[in-house]
Amino acid sequence: TEAMSYWIYNYLKGRNLVVATGTGLDTFRLQNIIAKHFEKSIQEVNSLVLGEHGSNMTPIWSQTTVTGDPISELVSQQQLDDFTAELKNSATEIRKTEVATKFGVSQCAVSILSSYISPNKTKHIVSFPAFKIDQINSDNIFFSWPCLIGNSSVSAIQNIKMNESEVAELQEGIEAIKQTTNL
């Protein structure tokens, strides 16, 4: 979705705000994977998947909690790697029983639009112009990042805490997006 957002933004010559579902659905899927593992409700899991929707999506484990406890204190690095692999394979698994994964992304889009027209701001992970994200600040790409959406506005949440390996993975995602968009 990052490449499509970029192309639409450029087609409109930057005159309009453009956002897309980004890794919002991936974040929901990861929360669901973790909730099932711990036999908790999805509301008890807090996580972020940032960067590029696709093979370079980056779970932000340093910010992931289960009932308020950091996930790194609850499982091994191998289990985190297994969660990541399951996440990255989830669309393939869905396609084994369904024609496509269209329902999840449609729900994300409806949720984003509903928030946009609401007077209250809600956090969503969306594909957003990277030059408006202090920690990314990369010209000419769109990047999945947490934003506050509501009252007909969208603004990036700044200063997301990440560890060095997460930042490095996000940098790889930036390079992949640049290659996709031929920058």
Side-chain angles (χ1 to χ4, degrees), residues 1-31 45-65 80 84 87-88 90-91 101-102 104-183:
T1 67
E2 288 71 34
M4 290 187 309
S5 303
Y6 165 78
W7 289 319
I8 292 168
Y9 182 80
N10 283 328
Y11 178 79
L12 297 171
K13 298 182 179 15
R15 294 183 304 241
N16 300 81
L17 173 66
V18 174
V19 298
T21 57
T23 57
L25 180 57
D26 302 308
T27 297
F28 177 78
R29 286 177 176 161
L30 181 60
Q31 290 169 327
V45 177
N46 184 23
S47 190
L48 298 170
V49 178
L50 303 180
E52 177 205 28
H53 171 70
S55 59
N56 288 303
M57 66 179 92
T58 304
I60 306 301
W61 294 119
S62 63
Q63 297 301 309
T64 301
T65 60
L80 295 178
T84 301
L87 171 64
K88 290 183 178 185
S90 61
T101 64
K102 59 189 172 271
V105 74
S106 298
Q107 180 59 41
C108 285
V110 167
S111 180
I112 292 166
L113 180 58
S114 295
S115 291
Y116 187 76
I117 61 176
S118 168
N120 303 314
K121 293 190 177 202
T122 307
K123 181 174 89 171
H124 292 271
I125 313 302
V126 295
S127 182
F128 191 72
F131 67 87
K132 293 184 178 188
I133 304 168
D134 292 346
Q135 287 171 269
I136 305 302
N137 196 19
S138 179
D139 290 340
N140 298 323
I141 68 165
F142 274 62
F143 200 74
S144 287
W145 195 260
C147 291
L148 289 176
I149 300 176
N151 201 22
S152 300
S153 70
V154 180
S155 59
I157 296 173
Q158 304 294 344
N159 301 317
I160 302 297
K161 293 181 180 162
M162 295 177 278
N163 63 38
E164 288 180 23
S165 65
E166 292 163 344
V167 171
E169 283 184 58
L170 288 174
Q171 283 301 125
E172 289 176 25
I174 287 171
E175 293 308 313
I177 293 167
K178 285 180 177 180
Q179 287 178 2
T180 300
T181 54
N182 297 317
L183 294 175

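Note that the structure is a prediction, hence the values are computed from the model and not measured.
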Quiz prompt | Heavy-atom closest pair, residues S5 and A20 | solution = OG-CB, 3.1 Å

Quiz item: Ignoring hydrogens and geometry, is there a side-chain-to-backbone donor-acceptor pair from S111 to Q107 under 3.5 Å?
Solution: no

Exercise. Could you tell me whether the side chain of W145 reaches within less than 4.5 Å of the side chain of I160, counting heavy atoms only?
Key: yes

Self-check item: Value rounded to 0.5 Å, distance of CG in L25 from NE2 in H53
Solution: 7.0 Å

Quiz prompt | Heavy-atom side-chain proximity of S114 to V110 below 4.5 angstrom | solution = yes

Quiz item: So do F128 and I133 actually touch side chain to side chain, heavy atoms under 4.5 Å?
Solution: yes

Quiz item: Nearest 0.5 Å, what's the NZ-CZ distance between K88 and R29?
Solution: 14.0 Å

Quiz prompt | 4.5 Å side-chain heavy-atom contact, I125 and L50 | solution = yes

Quiz item: In Å, rounded to the nearest 0.5 Å, how long is the span from NZ of K123 to OG1 of T27?
Solution: 8.5 Å

Exercise. Would you check if Y6 and N10 make a side-chain contact, meaning some heavy-atom pair closer than 4.5 Å?
Key: yes

Self-check item: Nearest-0.5 Å distance that lies between atom CG in D26 and atom CG in L87
Solution: 5.5 Å

Exercise. Working to the nearest 0.5 Å, report the span between OG1 of T122 and CD1 of I149.
Key: 8.5 Å

Practice problem: For I8, enumerate each residue passing the side-chain contact (heavy atoms from CB on, under 4.5 Å) test, keeping only those at least two apart in sequence or located in another chain. | Solution: L12, V18

Self-check item: For Q31 against N46, the heavy-atom pair lying closest together
Solution: NE2-CA, 4.0 Å

Self-check item: Validation row: Y116, S152 side chains within 4.5 angstrom (heavy atoms)
Solution: yes

Practice problem: Would you confirm whether E2, through its side chain, and I177, through its main-chain N or O, come within 3.5 Å as a donor-acceptor pair? | Solution: no

Exercise. Could you verify whether a donor N or O on one side chain and an acceptor N or O on the other, from H124 and S115, lie under 3.5 Å apart?
Key: yes

Quiz item: Does the side chain of E166 come under 3.5 Å of the side chain of S62 through a donor N or O and an acceptor N or O?
Solution: yes

Practice problem: Carefully, step by step, assess V154 and L148 under the rule side chain to side chain contact (heavy atoms under 4.5 Å, CB included). | Solution: CA-CA 6 Å; V154 180; L148 289 176; over 6 Å; no

Exercise. Taking the six-membered ring for Trp and the full ring for Phe, Tyr or His, determine whether the centres of F142 and Y9 are under 6.0 Å apart.
Key: yes

Exercise. Grab the two heavy atoms, one from Q135 and one from M162, that are nearest each other, plus how far apart they are.
Key: NE2-CE, 3.4 Å

Quiz item: Would you say the side chains of S47 and Q63 form a donor-acceptor pair under 3.5 Å?
Solution: no

Quiz item: Is any side-chain heavy atom of T64 closer than 4.5 Å to a side-chain heavy atom of L48?
Solution: no

Quiz prompt | Side-chain donor-acceptor pair present, S153, N151, cut-off under 3.5 Å | solution = no

Self-check item: Student check: side-chain heavy atoms of F143 and L170 closer than 4.5 Å
Solution: yes

Practice problem: Provide the closest heavy-atom pair for A109 versus T21 in the form atom of the first, atom of the second, distance. | Solution: N-CG2, 3.8 Å

Practice problem: Measure the CG-OG1 distance between N56 and T23 for me, rounded to the nearest 0.5 Å. | Solution: 12.0 Å

